[in-house]
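Heads up: the structure comes next, in structure tokens.
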There are 2 protein chains.
Amino acid sequence: MDELKENQTISTEESIKEAAKVVFLKKGFAGTKTRDIAEQAGENLALINYYFRSKKNLFRLIMNEILEEFMDSILPVFNDPNTSIQMKVEKIAGNYIDLFVRQPDVPLFIMNELGEGSGCLAQSELKIEKMMHSEFHAQISKEYPHIDPEHIIMNVVGMTIFPFIGKAMMNGMQGIDDEMFYRLMDERRKKIPIWIQSILDGPQE
Amino acid sequence: MDELKENQTISTEESIKEAAKVVFLKKGFAGTKTRDIAEQAGENLALINYYFRSKKNLFRLIMNEILEEFMDSILPVFNDPNTSIQMKVEKIAGNYIDLFVRQPDVPLFIMNELGEGSGCLAQSELKIEKMMHSEFHAQISKEYPHIDPEHIIMNVVGMTIFPFIGKAMMNGMQGIDDEMFYRLMDERRKKIPIWIQSILDGPQE
DNA sequence: GTCTATACAAAGATAGAC
DNA sequence: GTCTATCTTTGTATAGAC
């Protein structure tokens, strides 16, 4: 019955992963000490390396889980031929904003690990290629043949996630406090699809 | 003549700064060891702390120089009441793209160091507030009172720099190689101002 | 004021006992 | 599987030569 016990208390491995998630999201990768994770989990320091080989590996594991969950929530809509371009944009912008409002550290997290220095996510299951060759891509090609679908995808993603990446910049700015920021983000949820439509339709003559 | 020697060989302090710039840009803040910098400069390790107090301080110094130079090239146009909104957008998108094509590591760099973990740039002279309260901001408020200027600024900057941040993602993608990426970026240099105009004008009825 | 050599502390990783 | 003790790397500080 070793593999089948139920009502079992949380495993050591799992408790470390949960603790790591909390600490990583609060302090970032560089700001997190493995000793913090061990303390938060109430486990011995050496067990982190025993179960996860390295701090970086543990970090990558957690990030991939978050991203995979997110992508799985996006892709079905993205590949559904029966939803319009506008609805797809609404879905992706809305889901990104929801995720980042709830977990403000994730965007920087992603960016952090794309650099060559850490490079954890570079070859991971980001599934971006699935986004690029999705039904969304095909729909744009068909309905707006004059514009490169890559540009539109870059615009949607850039307009959506940049403010969160740049939040640290903006917080220092006179005139944009947290309350205003979240109000702006809520506006963007509705406006980004409209803006994308304006871009697709082109300039007014 | 102590302050006025010319033809002088590069100073120790300067050689460390140059070496640090090279290594930081290549490996990022976390990936750079102070011993790497010392070796690259051909100087003793302790001199880094002697001249710059700490690794973080040295990093901040270098980043501020890069950003300041960039901002100084942007701000005059940004605050000139005699250039149109479109021309300002052209200027900022063009300058960003030029900078990032020449120094592909800078954008990720900036983002990397905005996180709370390292936080080197958080309270630095980013001059973003000057961008936000520039003539550009005022022009949008006046000519397009129905739209929040912050949204437009976020859109310009997001559309411009996101592709560089996401380049690592896209490089892994089937169908976008380096040549195509730079072709797309060159297109964006001209198209972003047009797209912004479409957004400002709103959807076609 | 500059520089070399060295010491020290924090933090990730590992070996080996149990 | 778990824990203690230890090793290694790395940023920083200091002592002392010139």
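Just so it is clear, the structure is predicted and the values come from calculations on it, not from any experiment. Each chain gets a letter, A, B and so on, in the order its sequence line appears, and its residues count up from 1.
- In this entry the distance linking NZ of A:Lys33 with C1' of C:dA10 reads 8 Å, nearest Å.
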Legend entry - Test log, rule side chain to side chain contact (heavy atoms under 4.5 Å, CB included), inputs A:Leu184 and A:Met180: CA-CA 6 Å; A:Leu184 284 171; A:Met180 180 175 178; 4.2 Å; yes
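- Contacts of residues 41-49 of chain A with DNA chain D (heavy atom under 4.0 Å): A:Asn44, A:Ala46, A:Leu47.
- Along DNA chain D, the stretch of nucleotides lying under 4.0 Å from any heavy atom of chain A spans, 5' to 3', D:dG1 to D:dT4.
- Not counting sequence neighbours, the partners of B:Thr32 by the side chain to side chain contact (heavy atoms under 4.5 Å, CB included) test are B:Val23, B:Phe24, B:Lys27, B:Ile37.
- Not counting sequence neighbours, the partners of A:Phe70 by the ring-ring contact (aromatic ring centres under 6.0 Å, His included) test are A:Tyr96.
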Could you go through residues 192-200 of chain A and list every donor-acceptor pair under 3.5 Å that involves a side-chain atom there, pairing it with any protein atom two or more places apart or in another chain?
unit_1   : atom_1 : unit_2   : atom_2 : d
A:Gln197 : OE1    : A:Gln86  : NE2    : 3.4
A:Gln197 : NE2    : A:Tyr144 : OH     : 2.9
A:Gln197 : NE2    : A:Asp201 : OD1    : 3.3
A:Ser198 : OG     : A:Ile194 : O      : 3.3

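- Across the interface with DNA chain D, nearest-nucleotide mapping of A:Arg35 and A:Tyr51 shows A:Tyr51 to be the residue nearer the 5′ end.
- With sequence neighbours excluded, the residues forming a side chain to side chain contact (heavy atoms under 4.5 Å, CB included) with A:Lys91 are A:Val77, A:Asn95, listed by chain and number.
- By the 4.0 Å N-to-carboxylate-O rule, B:Glu65 lies close enough to B:Lys17 to be salt-bridged with it.
- The pair B:Asp98-B:Arg189 meets the salt-bridge criterion, with a side-chain N (NZ, NE, NH1 or NH2) lying under 4.0 Å from an Asp/Glu carboxylate O.
- One interatomic measurement links the two molecules: CZ of A:Arg53 to C1' of C:dA13, which rounds to 11 Å at whole-angstrom precision.
- Between the CG atom of A:Asp36 and the C1' atom of C:dA10 there is a distance of 12 Å, given to the nearest Å.
- Looking at heavy-atom distances under 4.0 Å, B:Phe52 makes no contact with the nucleic acid at all.
- Atom CD of B:Glu187 has more than 12 heavy atoms from other residues, nucleotides or ligands within 6.0 Å.
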